[in-house]
Every structure is written in structure tokens, then in C-alpha cells.
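Since the model is a prediction, treat every value here as computed from it, not as a measurement. Proteins get letters first, then strands, A, B, ... in listed order; numbering begins at 1 in each.
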There are 2 protein chains.
Amino acid sequence: MLNNKLDKAFAALADPARRAMVERLVIGPATVSELAVPLPMSLPAVMLHLKVLEDAGLVTSRKEGRVRTCRIDPEKLSLAERWVSARRVMWEHSLDGLNAYLDQTKAEDEK
Amino acid sequence: MLNNKLDKAFAALADPARRAMVERLVIGPATVSELAVPLPMSLPAVMLHLKVLEDAGLVTSRKEGRVRTCRIDPEKLSLAERWVSARRVMWEHSLDGLNAYLDQTKAEDEK
DNA sequence: TTTATTGTTAAGCATGTACTTAAGTATTCC
DNA sequence: GGAATACTTAAGTACATGCTTAACAATAAA
């Protein structure tokens with residue numbers, strides 16, 4: 001059912017086509033056709049990917065005339081980022097992570 | 001086909017059961033049964049999730065006797081983190097992101 | 001050596017995902 | 001008005017995902 005926001009955000013980012021769309025949109029807004037150009041698929045398929053991105057809250061779009069313009073909404077992007085970051089930091093503060101850190105420090109001393 | 005490492009990492013993190021397993025493992029290593037306790041599903045289902053996490057490189061495990069011990073491998077975790085972070089930063093440096101930043105700054109001035 | 005524990009494999013099922021082509025709608029241009 | 005553009009919807013197909021229960025190791029404990 002994908003209720004959770006994180007579920008949707010991570011699931012959206014799991015697809016290379018959708019990541020490519022995000023990569024394009026971080027540069028600036030784009031139309032649906034512009035997003036579709038580099039992608040090896042039909043326009044309806046791109047629409048579906050766009051819908052997934054919008055549903056995850058990563059992208060918003062607005063239609064003016066016959067053109068739909070899409071842009072990044074970076075809040076959800078940072079939501080996903082913060083989840084991963086917080087867990088990595090937690091791990092680093094655990095005994096396991098501490099040992100890994102010490103091993104790494106030791107390895108660097110021996111260089 | 002999920003060839004890409006990022007595909008697998010994001011897809012693995014898109015499931016709440018798997019994120020719960022990661023949350024448990026950042027505290028320290030755990031057995032399969034320990035990971036299964038809080039999860040509302042059968043042990044074989046947990047095994048499948050574990051396999052997905054291992055396949056994504058987020059988790060490693062080793063069997064000693066009849067017990068399999070699992071632990072986090074934070075390298076792939078930071079791989080996903082860095083992808084998101086880099087895109088957010090790129091967006092912030094774009095005209096769109098710059099405007100959002102300025103709007104936010106203005107809003108905070110008015111507080 | 002029987003029994004309990006811990007994990008693994010197999011088979012099956014229901015649902016979701018990622019497309020496709022074809023047809024349709026709404027705008028804009030000529 | 002008629003044609004081109006930019007998307008949108010519908011219908012259908014193929015494959016992947018997320019479980020289940022049942023049966024089967026392998027190891028450890030009594």
C-alpha cells in the first residue's frame with residue numbers, strides 16, 4: 001500500500017529512469033516532453049514515472065495551456081537523506097561502528 | 001533487472017520491514033530470529049527481506065553453528081545518502097533552488 | 001539419542017510494477 | 001477552420017514482489 005512517505009520516496013528513487021528525471025530537474029524546471037527525450041521509453045511510460053515522483057512528493061507539476069511544467073520539491077529528498085544519514089551516524093556510534101572507525105584510522109596511520 | 005547498486009539500495013530501503021531491520025542492526029549485530037521478533041510475518045519472509053538487504057550490500061551475515069549473525073555494512077548506506085545529498089545541493093545552487101532559499105530567508109526575517 | 005532450536009528450501013498465490021500501442025482531448029499555430 | 005503539438009487515458013501484457021504454509025536440514029541441549 002506504500003502508506004509511509006519514506007516508502008514512497010525510496011521506492012521512487014529506486015528506478016533509474018526516475019533518478020534521471022530528478023537529475024534533470026535539479027538543474028531547473030522541465031516539461032514532460034523534455035524529461036522524456038533522454039529516456040528509452042514512450043511518453044505514457046514517462047507520465048507514469050512522473051506520477052510516482054509526484055506521489056512521493058519529490059516533484060510537483062503545473063499545467064499551463066497544453067504544457068505541463070515539472071520541478072523538484074527538495075523537502076522529501078532531504079527526508080530520505082536524513083533517514084539514511086541518521087542511521088549511518090547511529091551505526092558509527094555503536095560498538096561495531098566504533099571498531100570499524102578504529103580499524104580505518106589504524107589503516108590510515110600505516111600509510 | 002536491478003543492475004545498478006543504487007537501484008538495489010533504494011529499493012531495499014523502500015520497505016518498512018527492511019528499514020526496521022536496518023534500524024535494529026545499526027545498534028549492533030543480530031541473529032535472524034532477533035530481527036524477526038518485532039516483524040509481523042513468518043521467518044521465511046524475514047529471510048527474503050534479509051536476502052534483499054544483503055543483495056543490496058547494506059547488510060552482511062555469517063553463519064556460525066546454527067545461528068546466522070547479521071550486521072550493517074554502512075558503505076552502501078552512505079552511497080545512497082551521497083546520491084540524494086548531491087542532488088539536493090545541486091538543486092540549491094540552481095536558480096529554482098536559489099529562489100526557494102531567498103524566499104525562506106525572507107520568511108525568517110519576517111519572524 | 002531423542003528433542004528442541006535455528007534456519008533454509010519449495011511451492012503456490014495475490015498484488016504491484018513497468019512497460020506497450022492505440023485512441024482521445026485540449027491548446028496553439030497557420 | 002484545419003493541422004500540429006503536448007499531453008492524457010485506456011486496455012492489455014509480462015514480470016517482479018511479498019507474502020503464506022509445509023516440509024526439511026543442521027546443530028545444540030537434555
Enquirer: Please tell me which of the listed nucleotides, D/dG18, C/dC19, D/dT21, lies nearest to the side chain of A/H49?
Expert: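 It is C/dC19.
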Enquirer: Near A/E92 CD, under 6.0 Å, is it more than 12 heavy atoms from other residues, nucleotides or ligands?
Expert: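 Atom CD in A/E92 is crowded, with more than 12 foreign heavy atoms closer than 6.0 Å.
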Enquirer: Send over the distance from B/D7 CG to D/dT17 C1', rounded to a whole Å.
Expert: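 Nearest whole value for this atom pair: 15 Å.
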Enquirer: Taking only side-chain N and O atoms of A/R18, does any of them lie within less than 4.0 angstrom of OP1 or OP2 on C/dA18?
Expert: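 It does, given that an N or O in the side chain of A/R18 lies less than 4.0 Å from OP1 or OP2 of C/dA18.
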Enquirer: Is there a donor-acceptor contact under 3.5 Å from the side chain of B/R18 to the main chain of B/A12?
Expert: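 Looks like yes, one N/O pair under 3.5 Å.
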Enquirer: Measure NZ/B/K51 against P/D/dG18 and give the value in whole Å, please.
Expert: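 Nearest whole value for this atom pair: 13 Å.
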Enquirer: From the set C/dT8, C/dT28, D/dC19, return the single nucleotide nearest to any side-chain atom of B/R68.
Expert: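 Closest of the options to the side chain of B/R68: C/dT8.
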Enquirer: Distance check needed: C/dT17 C1' versus A/K8 NZ, whole Å only.
Expert: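 To the nearest whole Å, that distance equals 15 Å.
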Enquirer: Tell me which nucleotide among D/dG18, C/dA10, C/dA18 gets nearest to the side chain of B/P44.
Expert: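 Nearest listed nucleotide: C/dA10.
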Enquirer: If you check every side-chain atom of A/L43, which of D/dA6, D/dT27, D/dT8 has the closest atom?
Expert: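 From the listed options, D/dT8 comes nearest.
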Enquirer: Report the C-alpha separation of A/V22 and A/L53 in whole Å, then their side-chain angles, then the decisive distance to 0.1 Å, and conclude whether the side-chain contact (heavy atoms from CB on, under 4.5 Å) test is met.
Expert: CA-CA 9 Å; A/V22 169; A/L53 287 168; 4.0 Å; yes
Enquirer: Of the nucleotides D/dC19, D/dT21, D/dT8, which one has an atom closest to the side chain of B/D15?
Expert: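 Per side-chain heavy atoms of B/D15, the pick is D/dC19.
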Enquirer: Answer yes if A/L58 and A/V52 sit in the same cluster of Ile, Leu, Val, Met, Phe, Trp and Tyr residues linked by side chain heavy atoms under 4.5 Å apart, and no otherwise.
Expert: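 No, no single cluster joins them.
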Enquirer: On DNA chain C, does the nearest nucleotide to A/A45 precede the nearest nucleotide to B/V32 from the 5' side, or the other way round? Give the residue.
Expert: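 Here B/V32 is the residue nearer the 5' end.
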Enquirer: When you measure from the side chain of A/S42, which nucleotide among C/dT8, C/dT20, D/dA4 comes out closest?
Expert: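 Nearest to the side chain of A/S42 among the choices is C/dT20.
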Enquirer: Tell me the interatomic distance from A/M41, atom CE, to D/dT13, atom P, rounded to whole angstroms.
Expert: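 A/M41 atom CE is separated from D/dT13 atom P by 21 Å.
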Enquirer: Please report, rounded to the nearest Å, how far the C1' atom of D/dT17 is from the CE atom of B/M47.
Expert: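 Rounded to the whole Å, the gap is 17 Å.
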Enquirer: Under 3.5 Å, side chain of B/R88 to main-chain N/O of A/V26, donor-acceptor pair present?
Expert: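 No, B/R88 side chain to A/V26 backbone: no donor-acceptor pair under 3.5 Å.
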Enquirer: Please determine if a side-chain N or O atom of A/K63 lies less than 4.0 Å away from the OP1 or OP2 oxygen of D/dA6.
Expert: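 Checking D/dA6 against A/K63, no side-chain N or O comes under 4.0 Å of OP1 or OP2.
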Enquirer: Take atom CG of A/L53 and atom P of C/dA18, then tell me their distance rounded to the nearest Å.
Expert: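 These atoms are roughly 11 Å apart.
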Enquirer: Tell me the interatomic distance from A/L50, atom CG, to D/dA6, atom C1', rounded to whole angstroms.
Expert: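 Going from A/L50 (CG) to D/dA6 (C1'), I get 13 Å.
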Enquirer: When only distance counts, do a donor and an acceptor, one from the side chain of B/R66 and one from the base of C/dT6, lie under 3.5 Å apart?
Expert: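 Check fails, no donor-acceptor contact within cut-off.
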Enquirer: Please report the distance, rounded to the nearest Å, between CG in B/L48 and P in C/dC13.
Expert: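 One finds 17 Å between P of C/dC13 and CG of B/L48, rounded.
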